[in-house]
Amino acid sequence: MIDNGDGPARVRFAPSPTGHLHLGGLRTALFDWLWARKTEGQFILRIEDTDRRRFDPESMDSLVNGLRWLGLDWDEGPDVGGPCAPYVQSERQQIYGVKAQALVDKGAAYRCYCTPERLAEMREAQRRAGKRTGYDRHCRNLSDEERRQYEAEGAASVIRFAVPLEGVTVFKDLLRGDIEVENRQLQDEILLKADGMPTYHLAAMVDDRLMEITHVLRGEEWLATAPIHKLIVDAFGWEMPVLVHLPVILDPSGKGKMSKRKKMVAGKEFLALVHEFQECGYLPDAMFNFLTNVGWNFDPDQEVFSREEAIERFSLEEINPSAAALPYEKLDWLNGLYIRELTPAALKSALLPFLSRQLGVAESELRSDGKLEILIPVIQERIKRLDEAADWIDWAYQEADTIEYASPKLLIGRKLDAAQSVDMLRSGAELLAEVEPFSAEAIQVAFREKAEELGVKAGSFFGPVRGAISGKKVSPPLFESIEALGREETLERLAHAVAFLEEHMEMASG
RNA sequence: GCCCCCAUCGUCUAGAGGACUAGGACUCAGGCCUUUCAAGCCUGCAACAGGGGUUCGAAUCCCCUUGGGGGUACCA
């Protein structure tokens, strides 16, 4: 039975498989999951595939992968089964047929023989006349004779719900309280389509009942049709589950509902699909933390929290009913934070697929690569997304002579000229040829001593060397980088850089 | 057009009549630290949409306006 109290809740995430899962859907699923776990109830996955035209077979994988990625496990669903199976609506077709007919028998619904063409014309005429569009209930009052006629002709038909002509329907949304709508504003919605498939209005109400759903969390776009749902449930003589319409997630621009398309705002690209976030290297824990705090707030004084803490504190009543845009920059910040909290070993294994793809090096090779052991801890606090790592260390996977120096300036130290910079590089090479052990620490000590001996600022000395070994102006800490490269490789690069600088001496000084 | 929902810094949010000189976080700016870049630490900029009520007292309650959003399909 439906329990509006604090007992174990049965909640469902009921997506329609029409494309990739996006963050809005994921957030709904997250809140469903949080509530199920909080109340020690069940989280159910139900597939609403009653629209055969929009069905996209690939979306099932996207859905399952996305939910699993975030760590949302379901207790009942298409793949795991359960007491209310099947959990795919297209496999429940007969149930809806029977239920729809029951409503017809009760006089709460009726068969409608209007063709799509007639409906289109009707709407067009209504629009032209400046009237509001909607079904004119042509078939609601057909005589028995007329119905027999249509049936005899074998006319296609749908079943429509017969909305009361007068009165007011009141339903309760947990976040917004009682909402009243005049019945005359409502449409005789289609319950069963001509192809025998139900619409959402019928299928969801029937399944929520049969699956004993206690709390319905769904997007705010359903708020307008909620009175119809209340009416349908009433007609069956059932009880309404607790309704919680989650605020829509806005576009990054803050205008309009977030779409599945990548959005460009101010020259920046914003992602929307779950798999895209996955591919960019956002951590599930960071995403979980992030999404939980959009529309709900864990604690005004604590931004970072665990799943367990979130479950402990989560409550439906505290959900904010106003629409929100996703604070993408906060996601990046959080993700960086979570990356920094990883052990180097965990970060390495998370990084492997990214590095392998972007560096073109086999994962197996990277796994046993000594350079990574040294480099990963030092880039850890520099990346916000896993896909940024390659840019930090790609130079370490190049050959010395393929390092390209974009400009001689790269090799020139602060307040030094080209000739002096060549001297720096040579001094560095001398020192590196002998330093023992070849460790970041020992190298650093040697470099600092040398800088003092030479009477130059550390930065002026280190800069050219940094440029020489990495080909970049910005790179990971120098001495770890040198250690990772090894003595021989480093010396080669220094020589390579000296040759380059000397060759461009004219240009550099000019 | 009609119906419904929403309204606190640029963004995510705290706030359920007096504790608000409106708090936190991200972003941004400045500073410290420093081998580049980060990270870290410190400081700063920045909001109750407007107008009426109710009340001794309103960000908080009511109404109107404005703004934003959603819906208006044999889609969900």
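Lettering follows sequence order; numbering is per chain, from 1. If you're wondering where the values come from, they're calculated on a predicted model, not measured in any experiment.
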Colleague: How about A:Y282 and A:F290: are their ring centres within less than 6.0 Å of each other?
Modeller: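 They do not qualify: ring centres at least 6.0 Å apart.
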Colleague: Checking all strands, does A:P476 fall into the base, sugar-phosphate, or nothing category for heavy-atom contacts under 4.0 angstrom?
Modeller: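 Base, at least one base heavy atom under 4.0 Å.
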Colleague: What is the separation between atom CG on A:D208 and atom C1' on B:rA76, rounded to the nearest whole Å?
Modeller: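 From A:D208 CG to B:rA76 C1': 14 Å.
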Colleague: Could you list, one pair per line, each protein nitrogen or oxygen that sits under 3.5 Å from a nitrogen or oxygen of nucleotides 4-6 of chain B, together with the distance?
Modeller:
unit_1 : atom_1 : unit_2 : atom_2 : d
B:rC5  : O2'    : A:R176 : NH1    : 3.2
B:rC5  : O2'    : A:E220 : OE2    : 3.2

Colleague: Using a heavy-atom cut-off of under 4.0 Å over every strand shown, decide if A:A194 touches base, sugar-phosphate, or nothing.
Modeller: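 Answer is base: heavy atoms of A:A194 come under 4.0 Å of a base.
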Colleague: Please classify the nucleic acid contact of A:G295 as base, sugar-phosphate, or nothing, using heavy-atom distances under 4.0 Å.
Modeller: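 The residue A:G295 makes sugar-phosphate contact but no base contact.
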Colleague: Whether A:R382 and A:E388 form a salt bridge (side-chain N of Lys/Arg under 4.0 Å from carboxylate O of Asp/Glu) is what I want to check.
Modeller: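 A:R382 and A:E388: not salt-bridged.
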Colleague: Just call it for A:R448: base, sugar-phosphate, or nothing, with non-hydrogen atoms closer than 4.0 Å on any strand.
Modeller: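 Base, at least one base atom sits under 4.0 Å.
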Colleague: Does the A:S470 side chain pair with the main chain of A:S475, one donor and one acceptor, at a distance under 3.5 Å?
Modeller: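 Side chain of A:S470 to backbone of A:S475: no pair is present.
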Colleague: Please determine, for B:rC2, whether a Watson-Crick or G-U wobble partner exists with both distances under 3.5 Å, and give it or none.
Modeller: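 With both distances under 3.5 Å, B:rC2 matches B:rG71.
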Colleague: B:rU72 base to A:R132 side chain: any donor-acceptor pair below 3.5 Å?
Modeller: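 Absent.
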Colleague: Closer than 4.0 Å, any side-chain N/O of A:T133 to the OP1 or OP2 of B:rA73?
Modeller: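 For B:rA73, OP1 or OP2 has a side-chain N or O of A:T133 closer than 4.0 Å.
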Colleague: Between A:K450 and A:E452, does any NZ, NE, NH1 or NH2 come within less than 4.0 Å of an OD or OE carboxylate oxygen?
Modeller: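 Looking at A:E452 and A:K450, the cut-off is not met.
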Colleague: Under the rule for side-chain hydrogen bond (donor to acceptor under 3.5 Å, both in side chains), what residues qualify as partners of A:D136, not counting sequence neighbours?
Modeller: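 Partners of A:D136 by the side-chain hydrogen bond (donor to acceptor under 3.5 Å, both in side chains) criterion, ordered by chain and then number, come out as A:R118.
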Colleague: Hey, does A:V294 reach any base, or is it just sugar-phosphate, or nothing, if we go heavy atoms under 4.0 Å?
Modeller: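 Counting heavy atoms under 4.0 Å across all strands, the contact made by A:V294 is with sugar-phosphate only.
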Colleague: A:L250 has an atom CG; how far is it from atom P of B:rG70, in whole Å?
Modeller: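 Checked: the CG to P distance equals 7 Å.
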Colleague: Mind checking if A:P327 touches a base, just sugar-phosphate, or nothing, with heavy atoms under 4.0 Å?
Modeller: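 It contacts sugar-phosphate atoms only.
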Colleague: Have a look at A:E303 and say if it touches a base, only the backbone sugar-phosphate, or nothing, with a 4.0 Å heavy-atom cut-off.
Modeller: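 Base contact.
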Colleague: Base, sugar-phosphate, or nothing for A:P227, non-hydrogen atoms under 4.0 angstrom?
Modeller: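 Counting heavy atoms under 4.0 Å across all strands, no contact is made by A:P227.
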Colleague: Will you find, in the side chains of A:Y96 and A:D207, an N or O donor that is under 3.5 Å from an N or O acceptor?
Modeller: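 Result is yes, a qualifying pair exists.
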Colleague: How is A:T50 classified with respect to the nucleic acid when contacts are heavy atoms under 4.0 Å: base, sugar-phosphate, or nothing?
Modeller: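 Answer is sugar-phosphate: A:T50 comes under 4.0 Å of backbone atoms only.
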Colleague: Taking the side chain as C-beta and beyond, is there a heavy-atom pair between A:V248 and A:L250 under 4.5 Å?
Modeller: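 Result yes, sub-4.5 Å side-chain heavy-atom pair found.
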Colleague: Does the structure show a Watson-Crick or G-U wobble partner for B:rG18, both distances under 3.5 Å? Name it, or say none.
Modeller: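 Checking every strand shown, B:rG18 finds its partner in B:rC56, with both distances under 3.5 Å.
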Colleague: Look at all strands and tell whether A:S475 reaches a base, only sugar-phosphate, or nothing, counting heavy atoms closer than 4.0 Å.
Modeller: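 Base contact.
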Colleague: Would you please indicate if the ring centroids of A:F314 and A:F31 are separated by under 6.0 Å?
Modeller: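 Distance test on ring centres: under 6.0 Å, yes.
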Colleague: Can you measure A:W296 atom CH2 to B:rA14 atom P for me and round it to whole angstrom units?
Modeller: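 Taking CH2 of A:W296 and P of B:rA14, I get 10 Å after rounding.
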Colleague: Considering heavy-atom distances to RNA chain B, does A:T18 or A:L331 have its closest nucleotide positioned more toward the 5' end?
Modeller: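 Looking at RNA chain B, the more 5' nearest nucleotide goes with A:L331.
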Colleague: Quantified in whole Å, what is the P atom distance between nucleotide B:rC61 and nucleotide B:rU8?
Modeller: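 Taking atom P in both B:rC61 and B:rU8, they lie 13 Å apart.
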Colleague: Tell me what A:C114 touches on the nucleic acid: a base, only sugar-phosphate, or nothing, going by heavy atoms under 4.0 Å.
Modeller: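 Base, at least one base atom sits under 4.0 Å.
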Colleague: For B:rG44, what is the paired nucleotide under Watson-Crick or G-U wobble rules, both distances under 3.5 Å?
Modeller: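 Pairing partner, where one exists within any strand: B:rC28.
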Colleague: Report which part of the nucleic acid A:K472 touches: base, sugar-phosphate, or nothing (heavy-atom distance under 4.0 Å, all strands).
Modeller: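 It contacts nothing in the nucleic acid.
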